[in-house]
Structures are given as structure tokens and as C-alpha cells.
Amino acid sequence: MFRNRTLWGLAAWISLALPVTSVILWPDTWWPLIFLAFWTLAIGTLVVMMERRIHREHCERLLTRAQSSAIKTLSHHRHDWMNELQILYGYLRLNKPDKAVDVVDRIRARMEQDSRISQIGVTELASFLLSFRTVCDTMRLDVDIQDGLYLDRMPYAAEKLSKSIIGLVNVFRFRAASPSGGENVLKMAFYRQADELSIAFEYEGELAAADSVTEELARCVEGIGQIDQGEEPAEQTRQARTMVIHFPLPA
């Protein structure tokens, strides 16, 4: 569709050859100039209207996509809360208050986690982290954010930092292999030290092409951060990796 519109717009501008030719053929008369002026105005108006329509349709598609993503995220969260409530209800029916308290504490921790993510200060990153469960079924992502940490209040280029963090998560996401037992889990902890922002990664699970993971992570933070490699994976199918990404505060 976009190609057809582009060709149509190009054809409209090429059609100006007709009034231009009339000006060349009859240079001493006034009507070819008027014809050229009106034709140019008409073509210009048509092209502007077409560009506005294309822009409006593009915005509508983006809005529809965002709404669909939001609905999927809310539906997934509702499903998770319903599961927790059913477990809680079961423990209450069985008169096991200690187990019920554990479920309530788990629900509260999840709510606090989601609240901190939503207030992290970078919309793109918050949306990615909150909706992660709806787009990835091979790895669970647990996020811990230091109380009072807001990325938009730190002296970083928010968009660049957000893309780097999303890229780091996606390295594990796209390498996570379907586990033969248990599940793949990536834990992230955001915290600020005196002169830098640090993000601790702890991955446990199965990875495809695991030997090149560190190199790919380094490309994600090239120019703005550095990797402190932690524990090396054991020689077994199930692998554990720990590392800390340091983002020094700009001078």
C-alpha cells in the first residue's frame, strides 16, 4: 500500500510536465502560466493531503498496537492475580493461615515490584519490563529496583540508557532455550552507588551459544557502560551466570 501511494504521488508530480510543456510551446501567451500555477497548486494540495492521511493512519496503527499490547499485559496480570487468589482461597479453606500469609506477602512483593517499575522514570523501559511476561514464555524476569531510584532524575540520556538495558535483557531472552526441567530465570537488580548506576544480572537456566553471551552484552553497553564478569557457568546443561553492568555517572 505504501509503495502504491509513493508511485501515485510521484506520478502526480510528473504530471506537471503537461503544463510546463504548454508554457514552452506557447511562451507568448498568458494562459499556460495560469494553467501551470493552478496545476502546481492542485498537485501540492493533493500531496499534502495524502501525507497527512498516511501520517494519521500510521498513528492509528501505532495506537492500536499499543492498546493491544496494554490489553494483553492487563490480561496476563489478571491471570496471575487470579492464580494467586485461588491459592490463597485454598489455604484459607484448609485453615492454613501461615501458608495464606506467605501468599499475601508474595502478592504484596509483586505489587511493590510493579509499582517501582512503573515509576522508574523511563516510559519505554517501564513498558518493556511490565509487559515482558506477555512477550516471552521461555524465561521469567524478576526485577528489583532500589527504593527511590528514578532513572529520569539521573544524568543519563534516557533513550540511550533504556535501549541498552532492553538490549541486555533481550540477549538472555533470545538465547534462553526451552528448559528440560525447571525454568529459566533472569534476576535484575537496579541500584545506585556513589558515582554510578549498577545493574546486577543473575541468570539461571539454559542458554544457546552461551560462550558468546558476554561479548554480545558488551556490545549493548559499548560507550556507556562496562561489564564486571562474575561467576562462570558450570560444566553442565543448566547454567548460572552472574555479572554487574556499571554505568558511570557523566562528569
Side-chain angles (χ1 to χ4, degrees), residues 66-92 98-154 156 158-159 161-176 179 182-193 196-205 217 220-221 225 228 230 240-247:
Q67 291 172 336
S68 177
S69 177
I71 291 173
K72 289 181 180 179
T73 300
L74 289 173
S75 177
H76 202 285
H77 280 261
R78 181 196 63 80
H79 179 73
D80 289 345
W81 296 130
M82 286 299 298
N83 286 342
E84 295 286 11
L85 289 175
Q86 287 177 356
I87 295 173
L88 176 61
Y89 181 70
Y91 283 138
L92 292 175
D98 292 342
K99 296 288 188 178
V101 169
D102 291 340
V103 175
V104 172
D105 288 341
R106 186 166 64 241
I107 292 175
R108 183 177 60 185
R110 282 278 305 278
M111 293 179 68
E112 290 178 351
Q113 180 189 79
D114 288 349
S115 177
R116 290 182 181 179
I117 292 175
S118 64
Q119 298 176 34
I120 199 169
V122 182
T123 304
E124 179 185 21
L125 179 60
S127 177
F128 173 80
L129 296 177
L130 287 172
S131 62
F132 188 82
R133 290 193 294 273
T134 67
V135 298
C136 181
D137 57 1
T138 58
M139 180 183 79
R140 190 181 87 232
L141 178 64
D142 290 338
V143 183
D144 183 29
I145 300 175
Q146 185 181 51
D147 191 24
L149 179 64
Y150 306 100
L151 297 186
D152 59 334
R153 301 180 185 177
M154 303 184 72
Y156 292 107
E159 182 178 355
L161 180 63
S162 173
K163 291 186 180 301
S164 294
I165 296 173
I166 291 174
L168 292 169
V169 176
N170 280 335
V171 169
F172 291 99
R173 170 190 171 190
F174 296 134
R175 297 292 189 92
E183 65 177 337
N184 300 319
V185 180
L186 175 63
K187 297 180 180 180
M188 295 175 61
F190 291 73
Y191 57 95
R192 178 176 180 173
Q193 296 177 325
E196 65 184 12
L197 167 69
S198 298
I199 305 176
F201 284 83
E202 181 180 345
Y203 180 84
E204 183 177 353
L217 290 171
C220 293
V221 298
D228 182 10
R241 287 179 176 268
T242 61
M243 59 188 65
V244 180
I245 314 295
H246 302 281
F247 296 93

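Looking at Q113, its side chain does come within 3.5 Å of a backbone N or O of V143 through a donor-acceptor pair. With S131 contributing its side chain and S127 its backbone, the two residues share a donor-acceptor pair below 3.5 Å. Y156 contributes a side-chain N or O that, together with a main-chain N or O of F247, makes up a donor-acceptor pair within less than 3.5 Å. With S198 contributing its side chain and H246 its backbone, the two residues share no donor-acceptor pair below 3.5 Å.
The shortest side-chain heavy-atom distance between F201 and R241 does not fall under the 4.5 Å cut-off. Side-chain contact check for C220 versus V171: some heavy-atom pair is nearer than 4.5 Å. Within the 4.5 Å cutoff, the side chain of R116 has heavy atoms near those of the D144 side chain.
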Where do V101 and Y91 land on the side-chain contact (heavy atoms from CB on, under 4.5 Å) test, with the steps shown first?
CA-CA 9 Å; V101 169; Y91 283 138; over 6 Å; no
Would you check, one step at a time, whether the test side-chain contact (heavy atoms from CB on, under 4.5 Å) holds for Y191 with L149?
CA-CA 7 Å; Y191 57 95; L149 179 64; 5.7 Å; no
Does the pair M188 and L168 meet the rule for a side-chain contact (heavy atoms from CB on, under 4.5 Å), with working shown?
CA-CA 10 Å; M188 295 175 61; L168 292 169; over 6 Å; no
Decide side-chain contact (heavy atoms from CB on, under 4.5 Å) for L161 and L197; before the verdict, give the C-alpha distance in whole Å, the side-chain angles of both, and the deciding distance to 0.1 Å.
CA-CA 11 Å; L161 180 63; L197 167 69; 4.0 Å; yes
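Contact record, V135 with R173: O-NH2, 3.6 Å, taken as the closest heavy-atom pair. Between G205 and N184, the shortest heavy-atom distance links the atoms CA-OD1, 3.1 Å. Of all heavy-atom pairs between A126 and I117, the closest is CB-O, 3.4 Å.
E124 and K163 are joined by a salt bridge, as a carboxylate oxygen and a charged side-chain nitrogen come within less than 4.0 angstrom of each other.
The distance from the CG atom of D102 to the CG atom of L88 is 10.5 Å, given to the nearest 0.5 Å. Taking CD1 from I245 and CD from E196, the interatomic distance works out to 11.0 Å, rounded to the nearest 0.5 Å. Taking CG from L125 and CG from L130, the interatomic distance works out to 9.0 Å, rounded to the nearest 0.5 Å. Atom CZ of residue F172 and atom OG1 of residue T138 lie 12.5 Å apart, to the nearest 0.5 angstrom. We find the CG-CD1 distance between N170 and I165 to be 12.0 Å, quoted to the nearest 0.5 Å. Taking OH from Y150 and CD1 from I145, the interatomic distance works out to 10.0 Å, rounded to the nearest 0.5 Å.
Here D142 pairs with R140 under the side chain to side chain donor-acceptor pair (under 3.5 Å) rule; sequence neighbours left out. Applying the side chain to side chain donor-acceptor pair (under 3.5 Å) test to D105 and every residue at least two apart in sequence or in another chain returns R108.
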